[in-house]
Amino acid sequence: MTRVPTISFEFFPPKDEAGEAKLWETLERLAPYGPRFVSVTYGAGGSTRERTSRIVTRIKRESGLEPAAHLTCVGATCGEVDEVARGWWGAGIRHVVALRGDAPAGSGGYSPHPGGYANGAELTAGLRRIGDFEISVGAYPESHPDSASPEADMDNLKRKLDAGANRAITQYFFDAEVFLRFRDRCAAAGITAPIVPGVLPVTNFKKVVEFSAACGAAVPAWMADLFEGLDGDPETRQLVAASTASELCLALMAEGVEDFHFYTLNRPQLAAAICRRLGVRPELEAAA
Ligand SMILES: Cc1cc2nc3c(=O)[nH]c(=O)nc-3n(C[C@H](O)[C@H](O)[C@H](O)COP(=O)(O)OP(=O)(O)OC[C@H]3O[C@@H](n4cnc5c(N)ncnc54)[C@H](O)[C@@H]3O)c2cc1C
């Protein structure tokens with residue numbers, strides 16, 4: 001029998017108070033699904049340092065959820081990054097999603113900050129020196145756009161795990177085969193750490209096409225067909241998003257995948273619907 005999967009949810013720090021109040025409602029609605037952790041992203045170039053810190057600290061203090069704080073290397077010295085991580089350790093945050101980050105748009109590509117951590121592997125090693133954090137890193141089933149080859153990308157993932165990361169969470173992808181082939185390549189490379197698929201339920205197809213071009217994820221032709229003519233029909237797009245993401249997860253579960261990380265975009269309904277379809281029931285219901 002297929003096991004009920006373990007899940008985690010990802011959120012971004014909202015820009016204003018109204019957004020933050022909505023995020024709090026979202027967290028309350030998703031908490032009963034029992035996520036292993038809830039992660040909060042770190043805005044491009046460290047732009048949300050304060051907000052990310054405030055939200056993960058509040059999650060730790062006021063909810064029963066385990067927060068994971070994303071952290072990037074961009075635009076800061078090692079000392080500045082370490083200071084953020086020490087602050088989190090002091091506030092009881094024990095899980096960091098350690099990332100290189102990206103160059104600001106139009107700046108001509110990533111280059112390390114002078115005196116900063118150069119990449120995810122260096123940041124992971126730095127965090128290990130600060131505290132016994134649980135550390136997740138990024139992985140790219142279709143290879144990172146900056147990597148010279150799939151083999152170089154796999155070596156890079158190994159470096160991050162060898163530096164002390166506990167698991168990798170993948171960039172989103174839309175075909176189960178893409179993940180399954182990547183999982184095989186990880187196993188062949190001797191990687192034993194969990195590789196957790198990152199699942200993005202797609203409602204805004206146009207935006208996903210734009211974003212995917214930058215992050216190296218392929219958007220399959222069947223997905224374009226699925227969303228064709230739905231630009232003015234957000235309700236139907238929601239239903240399509242829930243069923244498509246559920247089918248992807250079910251296909252992966254049939255191949256033994258037991259963990260999923262959901263990119264929620266701060267909206268609870270889709271993540272909740274998919275969880276239910278995968279057999280993850282709210283704890284209150286399960287106890288009733
Ligand atoms: C689960 C997840 C969460 C994310 N959350 C955020 C977030 O909160 N904020 C944000 O800004 N971004 C986030 N990102 C995006 C991420 O910052 C970008 O994808 C970034 O381009 C790569 O980060 P990384 O840590 O995976 O990079 P790294 O693994 O450090 O490097 C990426 C690529 O750079 C090259 N590279 C690195 N080191 C070397 C080396 N020594 N020699 C040669 N080549 C090298 C390799 O090709 C490698 O594949 C997230 C990504 C994922 C998958």
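Order of listing sets the numbers, starting from 1, for every ligand and every atom in it. Just so it is clear, the model here is predicted, and its values are computed rather than measured.
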Peer 1: Atom 44 (N) of ligand 1: protein heavy atom closer than 4.0 Å?
Peer 2: no

Peer 1: Please list the nearest protein heavy atom to atom 11 (O) of ligand 1 with its residue and the distance rounded to 0.1 Å.
Peer 2: Y42 O, 3.4 Å

Peer 1: Decide yes or no for P197 and F182: does some side-chain heavy atom of the first lie under 4.5 Å from some side-chain heavy atom of the second?
Peer 2: no

Peer 1: Salt-bridged, E20 to K15, with N to O below 4.0 Å?
Peer 2: no

Peer 1: So which protein heavy atom does atom 30 (O) of ligand 1 come closest to, and at what separation?
Peer 2: G120 N, 2.6 Å

Peer 1: Are R94 and E134 within salt-bridge range, i.e. N to O under 4.0 Å?
Peer 2: no

Peer 1: Below 4.0 angstrom from a heavy atom of I169, which ligand 1 atoms are there? Numbered from 1 as shown, please.
Peer 2: 1 (C), 53 (C)

Peer 1: Is Y110 close to C73 at the side-chain level, that is, under 4.5 Å between some pair of heavy atoms?
Peer 2: yes

Peer 1: Can Y140 be said to touch ligand 1, with heavy atoms closer than 4.0 Å?
Peer 2: yes

Peer 1: Suppose we measure from atom 3 (C) of ligand 1 to each protein heavy atom; which comes out shortest, and what is that distance?
Peer 2: H70 CE1, 3.6 Å

Peer 1: Specify side chain, backbone, both or neither for H144, according to which of its non-hydrogen atoms lie closer than 4.0 Å to ligand 1.
Peer 2: side chain

Peer 1: Kindly confirm or rule out an N or O of K160 lying under 3.5 angstrom from an N or O of ligand 1.
Peer 2: yes

Peer 1: As an exercise, identify every atom of ligand 1 less than 4.0 angstrom from a heavy atom of D153.
Peer 2: 48 (C), 49 (O)

Peer 1: State, with a plain yes or no, whether a side-chain heavy atom of L278 is found less than 4.5 Å away from one of M253.
Peer 2: yes

Peer 1: May I ask you to identify the nearest protein heavy atom to atom 27 (O) of ligand 1, giving residue, atom name and distance to one decimal place in Å?
Peer 2: R100 CB, 3.3 Å

Peer 1: Please state whether the rings of Y172 and Y263 are parallel, tilted or perpendicular, taking 30° and 60° as the class boundaries.
Peer 2: perpendicular

Peer 1: Would you confirm whether T264, through its side chain, and E10, through its main-chain N or O, come within 3.5 Å as a donor-acceptor pair?
Peer 2: yes

Peer 1: Please check if the distance between the ring centroids of H261 and F37 is under 6.0 Å.
Peer 2: yes

Peer 1: For ligand 1, is there an atom lying under 4.0 Å from some heavy atom of G101?
Peer 2: yes

Peer 1: What atoms in ligand 1 come closer than 4.0 Å to a heavy atom of T41?
Peer 2: 8 (O)

Peer 1: Looking at E66 and K60, is there a salt bridge between them, counting it only when a charged N and a carboxylate O are closer than 4.0 Å?
Peer 2: yes

Peer 1: Return the closest protein heavy atom for atom 47 (O) of ligand 1 as residue, atom name and distance.
Peer 2: S147 CA, 2.9 Å

Peer 1: Heavy-atom contact under 4.0 Å between Y263 and ligand 1?
Peer 2: yes

Peer 1: Can you list the ligand 1 atoms lying under 4.0 Å from a non-hydrogen atom of N156?
Peer 2: 28 (P), 29 (O), 31 (O), 37 (C), 38 (N), 48 (C), 49 (O)

Peer 1: If you look at every heavy atom in W222 and F174, which pair is closest and at what distance?
Peer 2: CZ2-O, 3.4 Å

Peer 1: Closer than 4.0 angstrom: is that true for some heavy atom of R159 and an atom of ligand 1?
Peer 2: yes

Peer 1: Keeping the roles fixed (side chain from S147, backbone from S143), state whether a donor-acceptor pair exists under 3.5 Å.
Peer 2: no

Peer 1: Any atoms of ligand 1 less than 4.0 Å from a non-hydrogen atom of N119? List them with their elements.
Peer 2: 30 (O), 37 (C), 38 (N), 39 (C), 41 (N)

Peer 1: Measure L99 to ligand 1 on non-hydrogen atoms and call it side chain, backbone, both or neither using the 4.0 Å cut-off.
Peer 2: both

Peer 1: Near D102, which atoms of ligand 1 are under 4.0 Å from a heavy atom of that residue?
Peer 2: 18 (C), 20 (C), 21 (O)

Peer 1: Mind running salt bridge (charged side-chain N to carboxylate O under 4.0 Å, His left out) on D146 and R100 for me, showing each step along the way?
Peer 2: CA-CA 12 Å; D146 292 352; R100 185 196 77 176; 2.8 Å; yes

Peer 1: Quick one: which ligand 1 atoms are inside 4.0 Å of a heavy atom on T72?
Peer 2: 9 (N), 10 (C), 11 (O)

